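Data first, discussion second: the structure below is written as structure tokens.
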Amino acid sequence: MRIFVDMDNVLVDFPTGIDRLEPEDKARYEGNYDDAPGIFRLMDPVDGAIKGYEKLCEDHDVFILSTAPWGNPTAWSDKLLWVKKHLGECAEKRLILTHHKYLVRGDVLIDDRRKRGAGAFSGRHLHFGEHGEFKDWDSVLAEIEAIS
Ligand SMILES: [Mg+2]
């Protein structure tokens with residue numbers, strides 16, 4: 001199967017980036033952390049995300065599908081650097097950054113939101129996270145296994 005994996009709050013633990021901002025930036029960008037310069041470089045992976053991504057790569061055609069904020073140019077390069085640091089070979093040249101996620105064609109999208117075109121994705125959307133049907137990476141891997 002061709003599988004797309006979102007970054008923020010699926011692969012990347014966004015709140016850990018907020019915690020690591022300098023106090024000055026934390027105050028300045030409160031409520032708008034997407035635009036804090038460098039924030040996307042500071043984040044830890046979500047629990048189980050790295051092993052989960054690598055497991056998907058063993059049997060499937062996997063891409064990372066993320067949106068980078070239009071108002072924060074360093075987010076675009078920071079997301080690339082994060083992928084290189086944490087995901088390595090099976091993610092090489094597989095990072096897609098777009099505000100229009102419905103444009104890609106594949107079987108599954110693992111995403112915590114329906115925004116940025118995710119809700120209009122033509123394949124199956126696995127809604128990840130505390131508000132989704134799939135709360136963690138173990139449940140995602142079990143579902144992928146079941147539908148493969
Ligand atoms: Mg997300």
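Indexing begins at 1, ligand by ligand and atom by atom, following the structure's order. Quick caveat, the model's predicted, so the values are computed rather than measured.
Taking 4.0 Å as the cut-off between side-chain N and carboxylate O, K79 and D8 count as a salt-bridged pair.
For the Mg ion (ligand 1), the set of protein N/O/S atoms nearer than 2.8 Å consists of D6 OD2, D8 O, D112 OD1, ordered by chain and number.
Remark: aromatic rings of F4 and F63 are close, center separation under 6.0 Å.
A perpendicular orientation is assigned to the rings of W70 and H99, their planes being inclined by more than 60° (bins at 30° and 60°). Between H86 and W82, the ring planes lie tilted relative to each other; the angle falls in the 30° to 60° range.
Among pairs with a residue in residues 8-43, those fulfilling ring pair (Phe, Tyr, Trp, His ring centres under 6.0 Å) read F14-F40, at least two apart in sequence or across chains.
A side-chain N or O of D136 and one of S139 form a donor-acceptor pair less than 3.5 Å apart.
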